[in-house]
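This chain uses plain numbering: 1 for the first residue, then up along the sequence.
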Amino acid sequence: KISNQSLDSAHSGCESFIMAFVSVRCWTADELVEWLRGLGDEMTCYVEKFINKNIVGEVILSMTPHILDMVQIKKIGHRELILEAIELLQRMDSSLCKENLQSLSLNLQCGAQSLHNLIRAGQFHVQPAGRGLNPKLPNDILSAVIDLTTAAKQLVSWLDRPPFAGEDEYMEIRDDIVHLALDIAQSAQQDIWLDSIEEEVLRLSKELSVTCENIVKVTTDPFVIQPAHLELVTIKLPKPNQGLGMYIRSSYDGTHVITGTIDQSPAERCGKVANGDEVIQVNYRTVVGWTLTNLVESLKEDPNGVILTLKRRPKNLNLQGQVKRRIISPKRPPKHFTDPKPGPRASKKEADRSRSPLVELFMPPLANETYRAFEPDVSDRDH
């Protein structure tokens, strides 16, 4: 669903920005199953069950494993796929208007502080004799580590896109966050005495909390508090079936990010498509969580063009008259500043870190090929 004002103005082309919003709560059962089909061909068998149970947008935003049992989704892989995609919808529905670099930093800081407090509370209540019998962290602390890692991924995904990507201050703090979050996750799984694990995680979580606090308190960059927003962009094709000229990269969980455009292509001439924009809708259909193949097919449906709903972040780091202060990161041990691409003498630990899923959140370089409409092998080249 999109606002009426946006619908009335959608066909005016790219002469002006058109604000938009997406309301998952207003979805009907038919709109929901249309989104469900985009998650993959394996979801087709559940379409009729969702319709029969009258699962609508309001229900999907409060989805629980019990509701999946109601529609008889028993395969673990299918359940995880649906729940991960629904989590993206929930995040978009609840946090779009307030999601900014400051709020994400505060969220991660709270996660680091909560982890620190949980460990301190456990050290106080558990006797040393009992602690030696269990060399593993308790489940509540491991759950806090997972929540912290998720918050770190969300913050890194912002830092690794324009306008923050490429700025030395933000790249330095991004690297610190990645290394600290990885070290916390790795330390929590070490097969050593519990006391040693806790002391290491305490130290790292405190450093991470200070790092996030510096983003909020030290910098005066106005873009730190500017939230993301949605815009409608119409790309018209001069010739039917011509390629749009966009590079699109899809993450494992169905987030689709534009990583660039081709010179003089319809997307570039439009002037409203930028590196780092996230594709939320194609021709008013929500594609969050969709596979890349289904996204590309939806881009090719209309041979004369496409209407995109894009999630956009602040565009410029320098406003006239604004003075930006440098973000100061806390002092780190030398091992945290190693090259993310280790040489032949680098340790195995550093090599494993460079292949971590957190590092995969970094925006990749442009692909060798671009998206071109109606080419059978396009899905292999658009990521």
Side-chain angles (χ1 to χ4, degrees), residues 1-23 92 96-97 99-101 157-158 160-166 222-223 226-250 255-288 290 292 295-320 363-367 369-373 378 382-383:
K1 300 281 187 180
I2 298 183
S3 63
N4 292 333
Q5 180 180 2
S6 299
L7 287 171
D8 294 339
S9 307
H11 296 283
S12 62
C14 291
E15 289 75 16
S16 60
F17 289 116
I18 306 170
M19 304 302 295
F21 67 87
V22 178
S23 178
M92 180 181 67
L96 177 63
C97 62
E99 180 181 295
N100 56 40
L101 195 62
S157 69
W158 262 67
D160 212 47
R161 298 184 196 175
F164 308 105
F223 285 91
Q226 289 194 12
H229 62 278
L230 298 181
E231 289 181 7
L232 278 180
V233 174
T234 302
I235 303 177
K236 297 180 179 179
L237 301 180
K239 300 178 181 179
N241 301 332
Q242 181 180 357
L244 296 174
M246 296 188 304
Y247 297 102
I248 298 178
R249 178 181 185 263
S250 295
T255 301
H256 312 291
V257 178
I258 297 172
T259 59
T261 57
I262 294 296
D263 289 341
Q264 300 304 314
S265 65
E268 194 271 339
R269 289 197 300 269
C270 170
K272 310 302 181 187
V273 178
N275 181 15
D277 288 348
E278 184 178 332
V279 182
I280 300 297
Q281 288 187 329
V282 176
N283 295 326
Y284 309 119
R285 291 186 300 174
T286 301
V287 297
V288 173
W290 281 24
L292 179 60
L295 171 66
V296 171
E297 289 300 319
S298 66
L299 291 171
K300 300 189 301 183
E301 286 180 350
D302 187 348
N304 298 312
V306 65
I307 300 174
L308 302 176
T309 305
L310 302 178
K311 179 180 177 180
R312 322 196 79 163
R313 289 165 174 77
K315 288 301 175 185
N316 243 322
L317 280 176
N318 298 314
L319 290 177
Q320 186 175 2
M363 188 60 61
L366 296 181
E369 297 291 338
T370 183
Y371 159 73
R372 301 179 187 280
V378 64
D382 284 357
H383 59 286

Could you list the residues that satisfy side-chain hydrogen bond (donor to acceptor under 3.5 Å, both in side chains) with Thr255, not counting sequence neighbours?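 Residues passing side-chain hydrogen bond (donor to acceptor under 3.5 Å, both in side chains) with Thr255: Asp253.
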List in chain and number order the residues that pass side-chain hydrogen bond (donor to acceptor under 3.5 Å, both in side chains) with Arg269, two or more places apart in sequence or in another chain; answer none if no residue qualifies. none
Nearest heavy atoms of [X] and [Y], plus distance in Å:
X: Val287; Y: Ser298; answer: CG1-OG, 4.4 Å
X: Gly276; Y: Arg161; answer: O-CD, 3.8 Å
X: Gly243; Y: Leu237; answer: O-CD2, 4.1 Å
X: Ala267; Y: Gly245; answer: CB-O, 4.1 Å
X: Phe164; Y: Phe223; answer: CZ-O, 3.8 Å
X: Pro227; Y: Trp158; answer: C-CH2, 4.3 Å

Quick one: pull up [atom1] in [X] and [atom2] in [Y] and give me the separation to the nearest 0.5 Å.
X: Arg312; Y: Ile280; atom1: CZ; atom2: CD1; answer: 12.0 Å
X: Glu268; Y: Leu244; atom1: CD; atom2: CG; answer: 13.5 Å
X: Asn241; Y: Lys300; atom1: CG; atom2: NZ; answer: 10.0 Å
X: Ile262; Y: Met246; atom1: CD1; atom2: CE; answer: 11.5 Å
X: Asn304; Y: Gln242; atom1: CG; atom2: CD; answer: 11.0 Å
X: Ile258; Y: Tyr247; atom1: CD1; atom2: OH; answer: 13.0 Å

Is the shortest heavy-atom distance from the side chain of [X] to the side chain of [Y] under 4.5 Å?
X: His256; Y: Lys311; result: no
X: Leu299; Y: Leu308; result: yes
X: Tyr284; Y: Leu232; result: yes
X: Val282; Y: Glu301; result: no
X: Leu310; Y: Val279; result: yes
X: Arg313; Y: Glu278; result: yes
X: Asp277; Y: Val233; result: no

Cut-off 3.5 Å, side chains only: do Thr309 and Gln281 have a donor facing an acceptor?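 There is such a pair between these side chains.
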